[in-house]
Participant: 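Encoded as structure tokens, here's the structure I'll be asking about.
All heavy atoms count here, side chains included; hydrogens, waters and symmetry mates do not.
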Amino acid sequence: MASQPFTIKWGIMATGGIAQTFTKDLLTNPAIRGVTDVAHKLVAVASSSSKESATSFLEKTNAPEGVKAYGSYAELVNDPDVEIVYVATPHSHHFQNAMLALEAGKNVLCEKAFTVNASQARKLVETAKAKNLFLMEAVWTRYFPLSIKLRELVQSGLIGPVYRVIADNSFGNDGPNGTISFPNDHRMVNPDLAGGALLDLGIYSLTWLFQFLYHIQPETEKEAPKTVAAINKYTTGADEMTNIILQFPKHKSMGIAMTTLRVPTNTDGHNSGGPAIKIQGPRGEIQVMGPAYCPLQYRIIKGDAEGKVEIVDCPIPKDPERQQWGHGMFWEADECARCLRDGKKESATLPWSESIVIMEVMEEALKQGDITYPELITTDVYDPKSPLNTGSK
């Protein structure tokens with residue numbers, strides 16, 4: 001008889017779009033993606049505004065009977081049935097919300113960007129370590145089979161040492177008279193919510209740089225990059241366009257991470273403009289078709305291939321019993337389950353130390369661009385009664 005899969009019990013903190021997408025992925029059958037060793041159970045969902053919002057969320061995600069709906073985050077983190085909390089709030093709230101869960105003894109999967117600054121990230125890691133809890137930044141793209149395959153190909157020496165990575169993740173939200181089409185209070189451009197292109201979109205550009213210029217460096221040779229950034233500021237004070245050059249002098253490599261809210265990476269919706277990411281070595285390059293956060297195809301161009309291009313499609317599996325749903329967030333959930341099963345407190349695919357270095361890079365870039373955020377969301381002092389935790393205005 002086949003052994004039963006290791007099942008983890010999830011609590012979902014927040015009820016917005018990304019929480020719905022993740023939850024619908026959790027509720028798919030793992031068999032659609034060839035997974036038999038782990039499984040997921042949705043136990044509870046919380047809104048900081050009202051229980052009604054949580055109840056409505058359960059309807060929207062077609063959740064099974066018996067899932068609890070809470071009108072506060074405190075109730076969620078104190079539910080004894082919840083083993084791991086998925087923090088799906090705006091980045092401005094991540095530090096306080098993740099601390100609330102960790103202090104309650106819960107394992108945490110926290111959406112990216114991990115925090116607003118590096119000191120908050122260090123505090124989360126220190127807390128998880130002290131309490132012997134699992135903590136992971138939810139950079140879902142790293143767990144795609146496509147991403148895993150590309151890291152393996154690069155490590156096999158397919159294109160030689162990677163000397164340059166160019167990555168773009170941008171939206172086309174240019175508006176009339178110098179505006180951006182998001183309203184000023186929208187999380188994409190609102191400094192009170194740590195808005196701006198970098199923390200929301202540029203994190204993905206950086207993810208591709210870090211996977212191939214930093215993550216696969218041997219541990220004994222790990223080299224944090226030098227950071228040079230240029231930023232255009234929007235009228236709200238958030239960054240509307242950010243370009244970052246990362247330099248790894250010892251490895252003779254550089255990366256260019258780009259993001260803007262005015263010009264889309266994918267101009268026509270068909271990737272006619274070419275790849276979102278280029279991973280370049282002396283023997284060839286690997287091109288990843290966008291979007292950078294959810295890539296479905298890569299191309300291998302070898303210097304000696306006489307113009308032949310190898311094209312590989314990597315579709316995301318869909319669940320026929322869940323209205324053909326499948327988005328690709330289930331792979332990071334599977335990683336959480338395996339880490340908990342194996343007693344690991346961090347994921348080898350995105351270790352705590354790497355999340356901190358990435359936050360250091362983004363903090364330095366924002367500093368160079370003179371982007372500042374309010375004290376309420378930048379403090380690294382945990383406050384269970386913070387309005388970020390209670391939802392009070």
Participant: Would E111 and H94 count as a side-chain hydrogen bond (donor to acceptor under 3.5 Å, both in side chains) here? Give the steps.
Facilitator: CA-CA 8 Å; E111 255 314 324; H94 287 176; over 6 Å; no
Participant: Whether E223 and K250 form a salt bridge (side-chain N of Lys/Arg under 4.0 Å from carboxylate O of Asp/Glu) is what I want to check.
Facilitator: no
Participant: Supply the atom-to-atom distance K302 NZ to I286 CD1, rounded to the nearest 0.5 angstrom.
Facilitator: 9.5 Å
Participant: Could you tell me whether D200 and R187 make a salt bridge, using a distance below 4.0 angstrom between a side-chain N and a carboxylate O?
Facilitator: yes
Participant: Which ILVMFWY residues are connected to I311, directly or by a chain of links, through side-chain heavy atoms under 4.5 Å apart?
Facilitator: I301, V309
Participant: So, are E354 and R142 salt-bridged, with charged N and O less than 4.0 Å apart?
Facilitator: yes
Participant: Answer yes or no: is there an ion pair linking K106 with D79, defined by an N-O contact shorter than 4.0 Å?
Facilitator: no
Participant: Can you confirm if the aromatic rings of W208 and Y293 lie within a centre distance of less than 6.0 Å?
Facilitator: no
Participant: Under 4.0 Å between a side-chain nitrogen and a carboxylate oxygen: does that hold for D37 and R338?
Facilitator: yes
Participant: Can you say whether the rings of H327 and W325 are parallel (under 30°), tilted (30 to 60°) or perpendicular (over 60°)?
Facilitator: parallel
Participant: Identify the heavy atoms of S53 and T15 that sit nearest to each other, and give their distance.
Facilitator: OG-OG1, 3.1 Å
Participant: Is any NZ, NE, NH1 or NH2 atom of the basic residue among R122 and E360 found under 4.0 Å from an Asp or Glu carboxylate oxygen of the other?
Facilitator: yes
Participant: Does the distance from a Lys or Arg side-chain N to an Asp or Glu carboxylate O, for R262 and E240, drop under 4.0 Å?
Facilitator: yes
Participant: Are any of the side-chain nitrogens in K129 or E126 under 4.0 Å away from the carboxylate oxygens of its partner?
Facilitator: no
Participant: Between R322 and L27, what is the shortest heavy-atom contact and its length?
Facilitator: NH2-CD1, 3.4 Å
Participant: Parallel under 30°, tilted from 30 to 60°, perpendicular over 60°: which one fits the rings of W10 and H40?
Facilitator: tilted
Participant: Restricting to non-hydrogen atoms, name the atom on V288 and the atom on P295 that form the minimum distance, rounded to 0.1 Å.
Facilitator: CG1-CB, 3.5 Å
Participant: Measure across S347 and M136 and return the closest heavy-atom pair with its distance rounded to 0.1 Å.
Facilitator: CB-SD, 3.5 Å
